[in-house]
Colleague: 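Quick one: the structure is below, questions incoming.
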There are 2 protein chains.
Amino acid sequence: MSDVVEPFKGLKGSRNDCAKCSIQVLCLPATINPDDFERLNTIVQKRRPLKRGDVLFASGQKLEHLYVAREGAFKSVVYNTEGDSQVTGFHLPGEILGLDALGTSKHTCDSVALTTADVCEIPLGDLEKVAAQVPSLQHQLLKIIGQTINRDQKHIEILSKKNAHERMSIFLHQLSERYRQLGRSGERFMIPMSREDIGSHLGLVIETVSRTLSKMQEDGLIEVNGREVIIRDLGRLHVLAHETAPRKSA
Amino acid sequence: MSDVVEPFKGLKGSRNDCAKCSIQVLCLPATINPDDFERLNTIVQKRRPLKRGDVLFASGQKLEHLYVAREGAFKSVVYNTEGDSQVTGFHLPGEILGLDALGTSKHTCDSVALTTADVCEIPLGDLEKVAAQVPSLQHQLLKIIGQTINRDQKHIEILSKKNAHERMSIFLHQLSERYRQLGRSGERFMIPMSREDIGSHLGLVIETVSRTLSKMQEDGLIEVNGREVIIRDLGRLHVLAHETAPRKSA
DNA sequence: CGAGCCCTTGACCGAAGTCAATGGCTGTGG
DNA sequence: CCACAGCCATTGACTTCGGTCAAGGGCTCG
């Protein structure tokens, strides 16, 4: 299922494989020398195994660690007072979790495992200290955070301008792309989230998600069977996901 | 029009008033000692006056500085290939501009002055260096960035769950709150942006923005006259903006 | 004082939400 | 092993919010 986090064959003496993982996220493509590597290594404390439905951190909790997803999938969920929820993002291996709390030092969302999952834990205080000593790390940290901002802004764009079919195309295309980059198949995969989660994330109701998937299947774009998706026409999906087909007046 | 950026009466010897301004944003409420202040002071290079429509930075430009808005208002706009645009955010005095470029080192949006405006300029490279030496500054920087992320996520929530009336209520309420915090009136203000800009930001067309404002006026919630807005019932606006009145199934 | 914006208002229409029925799966207990 | 409960997903019929199209009014600037 995952030969994903297996690089850094050249680096010996790492305390655990989790350090490799966080290094991969935090330092690539920045260069890092063995000394600095070891320094970062010592602060990546441990990993946590989680099972489906487990909460990695909950809204309101004090920010103590950042996490790097190693394996499995997560969703970020915010709850309004009435208990209705909103999925603000999905997270796959190699992505960073916990940035939501940087602003207030308290988490603003729940992070929930969608599958069996596994993360590395990096105490933020320690990370800040090391970052202050290792310029490339500091820079890379800012970069990763910046990418999170870019992703959010892209999502804002989608939600304010795209219709249901476009949203689903973009969603599937992004998912495919992320799996591909993880070295898995980008053409055939199990989606880890429910229709409900997808709908919440895309600002659609579950029925619309379902109908849209059926339509895409009719059109020969994909094949769906429950949580299994096969992309039949990746080229066309790419076009649909990127074309400037505005809903609402441009 | 603005007695906004006038604090720090106790700090003498600052090279320019712009340093005060950026200090206010970057270091409050963190403590900073005079030495560190002076160090930060030296990197805040200059300020730029802009007039309505001027572009502070454009999409694709290399990231060189962060900016702190001192006076006036800005919008962030992204353009898709076809030239249709999307307003991703509005920025008032005291807010930071340019974070969009942290991820790729290139700006991903245009920042356009909506009014006569004024900013401080902080070279990012220098800022990183000083931040590495001043832990409280580094921490504060992360905090501000985190707040940007939180704001984006809030916006995502609005766009995926709120109807037109709720969006406008939230928009007006936020604007009122921001002006209040700047020491201006939160009950009577000129909105610096066009209906077009508002609509783009909220995922609505201009006609809907207009109609909704008219409806709110009918209801005695506000008074509108072109760009001038008077909040007539701030309490009710607050309720409308915060109540959990879901569009789409909770 | 006329052109060009920006904004408002009305009439109409369609995409997506709501409500409701049905059809698998999965797991549990008799 | 079957039956039944509880999800989750699909599909259809109907409704509605907000987008589209069109006309007109008011400001500003040249």
Side-chain angles (χ1 to χ4, degrees), chain A residues 51-53 75 84-87 114-115 158-172 190-219 222-229 240 245-250, chain B residues 51-53 75 84-87 114-115 158-172 190-219 222-229 240 245-250:
Chain A
K51 57 184 198 309
R52 182 163 180 259
K75 62 175 174 182
D84 57 317
S85 64
Q86 153 85 12
V87 174
L114 291 168
T115 61
I158 291 165
L159 291 177
S160 53
K161 297 185 91 124
K162 304 294 186 178
N163 64 27
H165 197 271
E166 289 162 344
R167 289 179 200 198
M168 286 298 299
S169 302
I170 292 168
F171 172 73
L172 287 176
M190 299 291 293
I191 55 175
M193 63 291 277
S194 68
R195 304 288 192 265
E196 183 80 45
D197 288 335
I198 298 172
S200 174
H201 187 227
L202 297 181
L204 303 170
V205 295
I206 184 175
E207 293 95 326
T208 304
V209 172
S210 189
R211 265 188 265 271
T212 308
L213 286 173
S214 300
K215 179 67 166 43
M216 290 171 131
Q217 179 155 248
E218 269 176 45
D219 295 352
I222 60 172
E223 241 169 88
V224 215
N225 199 334
R227 303 261 176 121
E228 185 186 33
V229 172
L240 284 171
R247 187 171 86 112
K248 331 200 165 174
S249 50
Chain B
K51 59 185 197 308
R52 183 161 181 259
K75 63 176 174 181
D84 57 319
S85 64
Q86 152 86 13
V87 174
L114 291 169
T115 61
I158 291 165
L159 291 176
S160 53
K161 301 185 85 130
K162 304 295 187 177
N163 63 29
H165 197 271
E166 289 162 343
R167 289 180 199 198
M168 286 299 299
S169 302
I170 292 168
F171 172 73
L172 286 177
M190 298 293 291
I191 57 175
M193 63 290 280
S194 68
R195 304 287 192 265
E196 184 79 44
D197 288 335
I198 297 172
S200 174
H201 186 230
L202 298 180
L204 303 170
V205 295
I206 184 177
E207 294 95 326
T208 304
V209 171
S210 187
R211 264 188 267 272
T212 308
L213 286 173
S214 300
K215 180 67 167 42
M216 290 172 132
Q217 179 156 248
E218 269 177 44
D219 295 353
I222 60 172
E223 239 168 273
V224 216
N225 200 336
R227 303 258 175 125
E228 185 186 35
V229 172
L240 285 171
R247 190 170 82 116
K248 327 196 170 181
S249 52

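Just so we're on the same page: letters track the sequence lines, and every chain starts at 1.
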Colleague: Among the nucleotides D/dG19, C/dT18, D/dG18, which one has an atom lying closest to any side-chain atom of B/Val205?
Modeller: D/dG19
Colleague: At their closest point, which heavy atom of A/Lys161 faces which heavy atom of A/Glu166, and how far apart are they?
Modeller: O-OE1, 4.3 Å
Colleague: Report yes or no: is there a donor-acceptor pair, N or O only, under 3.5 Å between the side chain of A/Glu207 and the base of C/dC19?
Modeller: yes
Colleague: CZ of B/Arg52: more than 12 outside heavy atoms within 6.0 angstrom?
Modeller: no
Colleague: Under 4.0 Å between a side-chain N/O of B/Arg227 and OP1 or OP2 of C/dC7, yes or no?
Modeller: yes
Colleague: Between atom CZ in B/Arg195 and atom P in D/dC27, what is the gap in whole Å?
Modeller: 14 Å
Colleague: For a quick test of reading the model: is some side-chain N or O of A/Ser194 closer than 4.0 Å to OP1 or OP2 of D/dC8?
Modeller: no
Colleague: About how many Å separate CD1 of B/Ile170 and CG of B/Leu240, when rounded to the nearest 0.5 Å?
Modeller: 9.5 Å
Colleague: Pick the closest DNA chain C nucleotide for B/Gly226 and for A/His165 by heavy atoms, then say which residue is nearer the 5' end.
Modeller: B/Gly226
Colleague: Test for a donor-acceptor pair under 3.5 Å between the base of C/dT18 and the side chain of A/Arg211, counting only N and O atoms.
Modeller: yes
Colleague: In Å and rounded to the nearest 0.5 Å, what is the CE to CZ distance from B/Met190 to B/Arg227?
Modeller: 7.5 Å
Colleague: What nucleotide, of D/dC8, C/dT8, C/dA16, holds the atom closest to the side chain of B/Ser214?
Modeller: C/dT8
Colleague: Rounded to the nearest angstrom, tell me the gap between atom CD1 in A/Ile206 and atom C1' in C/dT18.
Modeller: 13 Å
Colleague: Please work out if B/Ser210 contacts a base, only the sugar-phosphate, or nothing of the nucleic acid, heavy-atom cut-off 4.0 Å.
Modeller: base
